[in-house]
Amino acid sequence: MHTELLKSIVVVGGGTAGWMTAAALATALKGRYAIRVVESDEIGIVGVGEATIPMIQIFNKIVGINEAEFIKATQGTFKLGIEFVNWGRLGDRYMHGFGRIGQDLWTVRFEQYWLKMRSLGRAKPLEEYCVTRMASKANRFLPPQANVPNSPLNDIAYAYHFDASLYARFLRGFAEARGVVRTEGKIVQVSQREGDGHVDAVVLASGERVEGDLFIDCSGFRGLLIEQTLQTGYEDWTHWLPCDRALAVPCESAPVLTPYTRSTAHRAGWQWRIPLQHRTGNGHVYCSRFVSDDEAAATLLSNLDGKPLADPRPIRFTTGMRKRGWNKNVVAIGLASGFLEPLESTSIHLIQSSIQRLIDYFPDRGFNPVDIAEYNRQSRFEYERIRDFIILHYTLNQREDSEFWRACAHMSLPESLTHKIELYKAHGRMVRVDNELFTEFSWLQVFEGQNLVPEGYHPLVDLQPEESIGEYLESVRNVIIKCVDVMPDHQAFIDKHCKATPPVAKPAMA
Ligand code: FAD
């Protein structure tokens, strides 16, 4: 039995995907492989991608990133969930909070008891049983407290908002300190080996030839190696996720630093609001079939916290995924592997899970097709399940005010999603298949937040007397109120633990 090791890895692209990959591989491979990142300042990075989900903490821990240093370096803030405005009906407002809802006690899940009591008019709104939702409402934040093991205070799920360009810079410093070599230059040619067509080198405008055994394509939407060279193919999901453009603009901060992302649905798309320490990030994701670029820009600019700090920057995309994320000796990570709109902040997570998967199926010189096929199977499963969750937000709307929303409410759905909706509609039941990303708590909050009321509840709920269920719900709610009471204000927490230096203002133009 023997393994012939690879020697060198070339990461093409130095955006979030490129530097996350380089930093993680430099740590995991313990300096045994030469890792080189090729990036072009002339081309630049997409520069958006500022909201994350809690799994990013695992990435940071594995790579060895110190939380306070990372927050300071990226003007970061904390995130407890996403507030959705106008998604069910105009005027609706709900939050998808991270972590759990309620507390299990008897035979069936918490929400089943809540559904029954709500149908009797004897339950409080769902948010009152969720610590991250109530903390968000009060603009409070505290990381999990290990000294109170059985309390919701020990179970606070959170993520971060940060400045995407500063994050790429932070990771670069981190990767270079672990031996990663950066090469500045524009790739103008890709060389393939005769016979099997593996990529063996990229050639820069300077004429320099960068050779490698394994190439990670982090070149963004263009997919320089995976698509332009290997022509792997792209599966277009526009019929389910029709938004195809975005305009991004930073603006001055609001007086209160909220610990959550906000997503406000507009006439033919939605707007993100991401509060950072030094500014607020905003963007309007929209469908160009239903709204003009000018109207989209006007809508964005009329819904900002403060003065815009730049002109809106246009970005075009096609939702979908590469048919195979790993083809020959090229693994596409980040935007080169596919794109799901940032409604649930999942793209950076997809980078992280691709890196983990690459480490799990790390190749030797043989590039065994079985490993590659398994990598691709898992990637597809992950993409499709996240896609379904995002489509859910669109399909579950009752808005009658625009053609876009009516079309979304009546579109045909992937079977996997129809099944989940039918299951919930019948008895409020939910199923999480394998290790798909979003848990029952996430699905519940969107079903409920967008007004899908199940026809019944789990029959075993009736085994408990209503009085006991009422007391049980009330005790869970009271514990949450007490927990939120002791949490500090989000801004005060940051000021005490991880306040960033204000950025140096650029000199005014002469
Ligand atoms: P890029 O940032 O585009 O980097 C590509 C790199 O390849 C650059 O360094 C470039 O110089 C290099 N390159 C390309 N061609 C060449 C060449 N010929 N020669 C040399 N170098 C080359 N994700 C989230 O998780 N949360 C969010 O809130 C979020 N919001 C988003 C909003 C929008 C509108 C969009 C479009 C994306 C959003 N994302 C979000 C996704 C996130 O921005 C990306 O996943 C992330 O930035 C990774 O990008 P990337 O590194 O793959 O590509």
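For ligands, and for the atoms within them, numbers begin at 1 and follow the listed sequence. Quick caveat, the model's predicted, so the values are computed rather than measured. Here, residue 1 is the first one in the sequence, and each next residue gets the next number.
Val48 O, 3.7 Å is the protein heavy atom nearest to atom 42 (C) of ligand 1. Nearest protein heavy-atom neighbour of atom 52 (O) of ligand 1: Leu335 N, 2.9 Å.
In this view, Asp360 satisfies the salt bridge (charged side-chain N to carboxylate O under 4.0 Å, His left out) rule with no residue, not counting sequence neighbours. Listed by chain and residue number, Arg322 satisfy the side-chain hydrogen bond (donor to acceptor under 3.5 Å, both in side chains) test with Glu227 (two or more places apart in sequence, or in another chain).
Among Gly220, Gly44, Gly185, the residue whose heavy atom sits closest to atom 53 (O) of ligand 1 is Gly220. Here atom 3 (O) of ligand 1 lies nearest to Val46 when heavy atoms of Thr346, Val46, Val188, Asp41 are compared. Counting heavy atoms only, Ala51 comes closest to atom 24 (C) of ligand 1 of the residues Ala51, Ala159, Pro342. Looking at Ala17, Gly47, Gly18, Ser40, it is Ser40 that brings a heavy atom closest to atom 11 (O) of ligand 1. Summarising the contacts of atom 34 (C) of ligand 1 with Trp272, Trp19, Phe317, Phe221, the nearest heavy atom is found in Trp272.
Below 3.5 Å of separation, one finds an N or O of Gly14 facing an N or O of ligand 1. Distances between N or O atoms of Ile348 and those of ligand 1 include at least one value under 3.5 Å.
Looking at Ser347 against ligand 1, both its backbone and its side chain come within 4.0 Å, counting heavy atoms.
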